[in-house]
Engineer: 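Handing you this structure, nothing more for now.
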Amino acid sequence: MAGRTKKTQTAKTGSAKKKETKFITELDQYLFGTGTHYDIYKKLGAHPMEWRGKSGTRFAVWAPHAKDVYLIGSFNDWDETKHPMKRLEPLGIYELFVPNVKEGEIYKYLIVTPDGRKIYKADPFANYAEIRPGTASKVFDITKIKWSDSVWMDKRKEFDQDKSPIAIYEVHPGSWKKHAHGPDETGFYNYRELARELTDYVKTMGYTHVELIGIAEHPFDGSWGYQVTGYYAPTSRYGTPEDFAYFVNYLHRHKIGVILDWVPAHFPRDAQGLAEFDGTCLYEYADPRKGEHPDWGTKIFDYGKNEVKNFLIANAIYWIEQFHVDGLRVDAVASMLYLDYGKRDGQWVANKYGGNKNLEAIEFFKHLNSLMVGRYPGIMMIAEESTAWPRVTGKPEDDGLGFTMKWNMGWMHDFLEYMKLDPYFRQYNHNKMTFAMTYAYSERYVLVLSHDEVVHLKCSMINKMPGLYDDKFANLKAGYSFMFGHPGKKLLFMGQDFAQFQEWSEERELDWYLLGEEKHQQMQNYVKALLKLYAKTPAMYQADCRPDGFEWINPDDNSRSIFSFVRHSEDGKSNLLFVINFTPVPRPDYRVGVPRRKQYKLVLNSDAAEFGGSGKEQPEVYKAVKQECDGRDYSFAYDLPAYGVAVFKF
């Protein structure tokens, strides 16, 4: 694209005179105005460079309704008149090159609104920001970042998510671990420390990906990063953008993928943020019935405005290109798709057909996902969509939204409702565990037990379980086993793998001290065993999206609350039989029907001593005999303990 360089740019005319080439060209403005300037972040924002032989920083901001815009910052003592910015037409972009402005300088835009008010805004395209409670933007040169993850990046192009193991560890960086007496009052680990410690943990456990909560800059810790003010800035809580790049690079070099939570659904009203950016509703819908979430107190992006769509789509590209992330988990998709989401009558406006679908948001998703999947093979676009909206992972050309995966919120809800029940009542709710198989292949699913399920009086995962102390751990092992056996990729939130008792809070680190207690260490051992079995057994992930990968043996044993099923590998050589008992009643000599007259090797036994079981020895191999059971010609018997889980390979 024309005009893209850090050096002084000249062009010869017929009279041999030299003319300065514009930094933001007519073509830049045209593409931004049509919503297709996918690297607009290289033009808007603050960019250290040389210009006309001088070193400094060029600033540019879109504020079409402003009367005037002034650049203020540490470099001019916040003088409100010293640096007026030049307006470019037709889009109303303001730009200015200021010599001698270096990295680390803080700045804001002083915008004079149409009615003459002065408002002070952070840069929507800033790559770095002050740590809260500061609200200014900081100059940073992201072009200097160096990478050494080319092996990972090359392999990513061949990544087939449907046929690959994906076990995601969901992490809030500020509360995973904390320093007892940190460099500031928070005790936050910085990105570089976090890279090393988190990698060690993830590799030891056997997760394949880390999903990070709250990386884009946000003013309030308690929002967990879901109310963003700096879409292009990795939060300064944990270091610089270069430190964050180090984090991603380090995980890639250790063969761990990185997914970011991404929030294109809404933004906060904070004075320095996007709300009424130039004195008018620039980034949000002007009609409050479309532009505001009454329950959340936030603003809704105007998906009908080309420049706003461009801001968001370029932001998704920015994280993939500039920081090498491997996927985006898109937050609150349902709130974007439905005009009446979280609203009562009179609080929303129907679309042109009289319906409640946001047609502009639908088009935005199709545009976003077709671009991301087409440009970046192997990238994951994951929808957190909580309704039965059809074809979320369908192709845009087939009227799908184009995501590569969807969180299975229906499965999660049914699963948790079942697991909370006293075992006696599970027999009357058996279908809660089987119902998800009726729609398991309608989308490409991720089974999730996320942060949302262990906050705000919802109880930690272990405390959702019924019974006394030992029973809670046995229940949770059975529940995790069912999850890992069920079709769909996997996600666990931090702390769940060692059965943290407290609900999660962003204000404190996980209760790592619990690993000094036997039951918690045994739970972690068990989850580690599940993760290792998952990663090394193609039957558990290879055919997640196809009916031939899963087969019920007995989905109807409700009176005993036992589930048995098979996961099939593509080549048929490494299949797994799961038998899971969800009651405290042992079933000696439990007989299970099997597909073939083969030998069945016990590869996971929840009753093993290392997992907190009785440690009773069981035969390693079971030979199927010709005896009808579960509608099968062949079967074998197994001593199934209370809350027992047995996984057999054949």
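What you see below is based on every heavy atom in this structure, not just the backbone, and it leaves out hydrogens, waters and symmetry mates. For the single chain, residues carry numbers from 1 onward in sequence order. Everything numeric here is computed off the predicted structure, so don't read it as measured data.
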Engineer: Of all the heavy-atom pairs spanning Ser386 and Met409, show the shortest one and how long it is.
Structural biologist: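 Closest approach of Ser386 to Met409: CA-CG, 3.8 Å.
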Engineer: Report yes if some heavy atom in the side chain of Tyr285 is under 4.5 Å from a heavy atom in the side chain of Asn358; otherwise report no.
Structural biologist: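 A side-chain contact exists here, since the closest heavy-atom pair is under 4.5 Å.
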Engineer: Do Asp326 and His209 pair up side chain to side chain, a donor and an acceptor below 3.5 Å, judged on atom types alone?
Structural biologist: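 Short answer, no.
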Engineer: I'd like to know if the side chain of Asp68 reaches the main chain of Val112, judged simply by a donor and an acceptor atom lying under 3.5 Å from each other, with no hydrogens or angles considered.
Structural biologist: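 Checking the backbone N and O of Val112 against the side chain of Asp68, no donor-acceptor pair under 3.5 Å is found.
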Engineer: Where do Ile40 and Ala314 come nearest, in terms of heavy atoms and distance?
Structural biologist: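 So the minimum-distance heavy-atom pair works out to CG2-CB, 3.7 Å.
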Engineer: Would a distance-only check, ignoring hydrogens and angles, find a side-chain to backbone donor-acceptor pair under 3.5 Å from Lys489 to Ser164?
Structural biologist: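 Indeed, once roles are kept as given, a pair shorter than 3.5 Å links the two residues.
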Engineer: Can you tell me how far CZ of Phe267 sits from CZ of Phe277, rounded to the nearest 0.5 angstrom?
Structural biologist: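 It is 10.5 Å, given to the nearest 0.5 Å.
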Engineer: For Glu443 and Arg391, indicate whether the former's side chain and the latter's backbone hold a donor-acceptor pair under 3.5 Å.
Structural biologist: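 Yes, the answer is positive, given that a donor and an acceptor are paired below the 3.5 Å cut-off.
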Engineer: Thinking salt bridges, do Asp154 and Arg156 make one under a 4.0 Å N-O criterion?
Structural biologist: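 Salt bridge flag = no for Arg156 with Asp154.
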Engineer: Does a side chain donor of either Tyr226 or Asp331 reach within less than 3.5 Å of an acceptor in the other side chain?
Structural biologist: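 No donor-acceptor contact under 3.5 Å links the two side chains.
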Engineer: Side chains of Asp123 and Tyr109: is there a donor and an acceptor less than 3.5 Å apart?
Structural biologist: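 Asp123 vs Tyr109: donor-acceptor pair found between side chains.
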Engineer: Determine the minimum heavy-atom distance between Met85 and Leu71, stating which atoms define it.
Structural biologist: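 Heavy atoms only, the tightest pair is CG-N, 4.1 Å.
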Engineer: Does Asp149 reach the main-chain N or O of Arg253 with its side chain, forming a donor-acceptor pair under 3.5 Å?
Structural biologist: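 Pair absent, no side-chain N/O of Asp149 close to backbone of Arg253.
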Engineer: Roughly how far, to the nearest 0.5 Å, is NZ of Lys343 from NZ of Lys290?
Structural biologist: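 The NZ atom of Lys290 sits 9.0 Å away from the NZ atom of Lys343.
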Engineer: Between atom NE2 of His218 and atom OH of Tyr231, what is the distance when rounded to the nearest 0.5 Å?
Structural biologist: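 Interatomic distance, His218 NE2 to Tyr231 OH, rounded to 0.5 Å: 12.0 Å.
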Engineer: Side chains of Asn127 and Tyr318: any donor to acceptor distance under 3.5 Å?
Structural biologist: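 There is such a pair between these side chains.
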Engineer: Between the side chains of Asn310 and His37, is a donor N or O closer than 3.5 angstrom to an acceptor N or O?
Structural biologist: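 The criterion, which ignores hydrogens and geometry beyond distance, is not satisfied for His37 and Asn310.
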Engineer: Thinking salt bridges, do Arg329 and Glu170 make one under a 4.0 Å N-O criterion?
Structural biologist: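 The answer is no: the pair does not qualify as a salt bridge.
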Engineer: With rounding to the nearest 0.5 Å, note down the distance linking NE2 in His172 to CG in Asp261.
Structural biologist: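 Answer for the NE2-CG pair, His172 versus Asp261, is 10.5 Å.
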Engineer: Assign the ring pair His456 / Trp224 to parallel, tilted or perpendicular, where the plane angle (0 to 90°) is split at 30° and 60°.
Structural biologist: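 Taking Trp224 first and then His456, their aromatic rings lie parallel (interplane angle under 30°).
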Engineer: Test your reading of the model: is there a side-chain donor-acceptor pair from Ser236 to the backbone of Gly239, 3.5 Å cut-off?
Structural biologist: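 Looks like no, no N/O pair under 3.5 Å.
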Engineer: For Lys108 and Thr135, does a side-chain donor sit closer than 3.5 Å to a side-chain acceptor?
Structural biologist: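 Short answer, yes.
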Engineer: So does Glu158 have more than 12 non-hydrogen atoms from other groups sitting under 6.0 Å from CD?
Structural biologist: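 Not buried by this count: 12 neighbours or fewer within 6.0 Å.
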Engineer: Evaluate the side-chain proximity of Trp262 to Asn315: yes if any heavy-atom separation is below 4.5 Å, no if none is.
Structural biologist: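 Contact flag for Asn315/Trp262 side chains = yes.
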Engineer: Could you check whether any side-chain heavy atom of Ser55 comes within less than 4.5 Å of a side-chain heavy atom of Asn100, counting everything from C-beta outward?
Structural biologist: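 No, every pair of side-chain atoms sits at 4.5 Å or beyond.
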Engineer: Salt bridge check, Asp399 against Lys366: does any charged N sit closer than 4.0 Å to a carboxylate O?
Structural biologist: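 So Lys366 pairs with Asp399 through a salt bridge.
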Engineer: Quick one: does Glu360's side chain get under 4.5 Å of Glu363's, heavy atoms only?
Structural biologist: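 When only atoms from C-beta onward are counted, Glu363 and Glu360 do not touch, as no gap falls below 4.5 Å.
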Engineer: Considering only NZ, NE, NH1 and NH2 on the basic side and carboxylate oxygens on the acidic side, decide whether Lys138 and Glu130 come within less than 4.0 Å.
Structural biologist: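 The answer is no: the pair does not qualify as a salt bridge.
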Engineer: Between Lys144 and Glu103, does any side-chain N to carboxylate O distance fall below 4.0 Å?
Structural biologist: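 Judged by the 4.0 Å cut-off on N to carboxylate O distance, Lys144 and Glu103 do form a salt bridge.
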Engineer: Report yes if the side chains of Tyr341 and Asn356 come closer than 4.5 Å at any heavy-atom pair, otherwise no.
Structural biologist: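 SC-SC contact between Tyr341 and Asn356 ruled out.
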Engineer: Name the one of Tyr128, Phe140, Phe244 that satisfies side-chain contact (heavy atoms from CB on, under 4.5 Å) with Pro234?
Structural biologist: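 Per the side-chain contact (heavy atoms from CB on, under 4.5 Å) rule, the option paired with Pro234 is Phe244, out of Tyr128, Phe140, Phe244.
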Engineer: Out of Asp162, Asn408, Thr404, which residue meets the side chain to side chain donor-acceptor pair (under 3.5 Å) rule with Arg444?
Structural biologist: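 Looking at Asp162, Asn408, Thr404, the match for Arg444 under the side chain to side chain donor-acceptor pair (under 3.5 Å) is Asp162.
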Engineer: Gln29 side chain to Leu91 main-chain N or O, any donor-acceptor pair under 3.5 Å?
Structural biologist: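 Yes, the answer is positive, given that a donor and an acceptor are paired below the 3.5 Å cut-off.
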Engineer: Test your reading of the model: is there a side-chain donor-acceptor pair from Glu384 to the backbone of Ala332, 3.5 Å cut-off?
Structural biologist: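 A pair under 3.5 Å: yes.
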Engineer: Please examine the side chains of Val61 and Leu44, heavy atoms only from C-beta on, and report whether any two atoms are closer than 4.5 Å.
Structural biologist: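 Side-chain contact under 4.5 Å: no.
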Engineer: First locate atom CG of Leu274, then atom OG1 of Thr298, and finally report the distance between them rounded to the nearest 0.5 Å.
Structural biologist: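 If I round to the nearest 0.5 Å, the distance is 12.0 Å.
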Engineer: Side chains of Thr57 and Glu105: donor-acceptor distance under 3.5 Å anywhere?
Structural biologist: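 Distance-only check fails for Thr57 and Glu105.
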Engineer: Could you check whether Arg132 pairs with Asp221 (Lys NZ or Arg NE/NH1/NH2 to Asp/Glu carboxylate O, under 4.0 Å)?
Structural biologist: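 Salt bridge between Arg132 and Asp221, a charged N being under 4.0 Å from a carboxylate O: yes.
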Engineer: Could Arg269 and Glu292 be called an ion pair, given the rule that one side-chain N must be under 4.0 Å from one carboxylate O?
Structural biologist: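 Salt bridge flag = yes for Glu292 with Arg269.
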Engineer: Quick check against the 3.5 Å criterion: does Tyr94 have a side-chain atom that pairs as donor or acceptor with the backbone of Ala66?
Structural biologist: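 Present.
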Engineer: Is there a donor-acceptor contact under 3.5 Å from the side chain of Asn190 to the main chain of Arg192?
Structural biologist: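 Yes; at least one donor-acceptor contact below 3.5 Å.
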Engineer: Just how far is it from atom OG of Ser223 to atom CD1 of Ile213, taken to the nearest 0.5 Å?
Structural biologist: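 It is 11.0 Å, given to the nearest 0.5 Å.
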Engineer: Considering only heavy atoms from C-beta outward, does the side chain of Thr393 approach that of Leu401 to under 4.5 Å?
Structural biologist: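 No. Closest side-chain heavy atoms not under 4.5 Å.
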Engineer: Please identify which of these residues, Tyr283, Phe125, Tyr41, Phe311, meets the ring-ring contact (aromatic ring centres under 6.0 Å, His included) condition with Trp62.
Structural biologist: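 For Trp62, the ring-ring contact (aromatic ring centres under 6.0 Å, His included) check succeeds only for Tyr283.
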Engineer: Which label fits Trp147 and Phe323: parallel for a plane angle under 30°, tilted from 30 to 60°, or perpendicular past 60°?
Structural biologist: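 It falls in the perpendicular class, over 60°.
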Engineer: In the structure I gave you, are the side-chain heavy atoms of Tyr38 and Leu31 within less than 4.5 Å of one another anywhere?
Structural biologist: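 Counting from C-beta outward, Tyr38 and Leu31 never come under 4.5 Å.
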Engineer: Judged by atom type as modelled, is there a donor-acceptor pair below 3.5 Å linking the side chain of Asp302 to the main-chain atoms of Gly304?
Structural biologist: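 Yes; at least one donor-acceptor contact below 3.5 Å.
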Engineer: Which atom names give the shortest non-hydrogen contact between Thr387 and Ala334, and what distance separates them?
Structural biologist: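 Taking Thr387 first and Ala334 second, the nearest heavy atoms are CG2-CB, 4.0 Å.
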Engineer: Should Lys406 and Glu385 count as an ion pair when the cut-off is N to O under 4.0 Å?
Structural biologist: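 Salt bridge: yes.
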Engineer: For the residue pair Trp78 / Tyr107, report whether a side-chain donor-acceptor contact shorter than 3.5 Å exists.
Structural biologist: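 Tyr107 vs Trp78: no donor-acceptor pair found between side chains.
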